[in-house]
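No hydrogens, no waters, no symmetry mates; every other heavy atom, side chains included, goes into these values. Note that the structure is predicted; figures quoted are calculated from it, not measured. Residue numbers run from 1 in the order of the sequence given.
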Amino acid sequence: MMTQSERLTVLSDAEQEALYGLPDLDDVQRLEYLALTETELALASSRHGLPAQSVAANLKPVQT
């Protein structure tokens, strides 16, 4: 038996999954969105430790 929630449901389960779930990327999309450029890889590799490398890999250079 389902219990009635007092919370308002705005998004369906499928919509919640589409917004907050893991992305469903094919190989081309994975290369486009997740690959690092040589500059980004060099910056990440110059850091010591996995946490610092992860942060460095996610930094985007400021374009002037």
Report, one line per pair, each donor and acceptor closer than 3.5 Å where one atom sits in a side chain of residues 30-38; sequence neighbours left out.
from	atom 1	to	atom 2	distance (Å)
R30	NH1	D27	OD1	2.8
R30	NH2	L25	O	2.8
T37	OG1	E40	N	3.1
T37	OG1	E40	OE1	3.4

Nearest atoms (heavy-atom pairs only) where A56 meets R47: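 Looks like CB-CG, 3.7 Å.
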For D24, which residues count as a side chain to side chain contact (heavy atoms under 4.5 Å, CB included) partner, sequence neighbours excluded?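 Scan of D24 (side chain to side chain contact (heavy atoms under 4.5 Å, CB included), adjacent residues dropped) gives none.
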Under 3.5 Å, side-chain donor or acceptor atoms of residues 13-21 against the rest of the protein: list the pairs with distances, not counting sequence neighbours.
from	atom 1	to	atom 2	distance (Å)
E15	OE1	S12	N	2.8
E15	OE1	S12	OG	3.4
Q16	NE2	L11	O	3.2

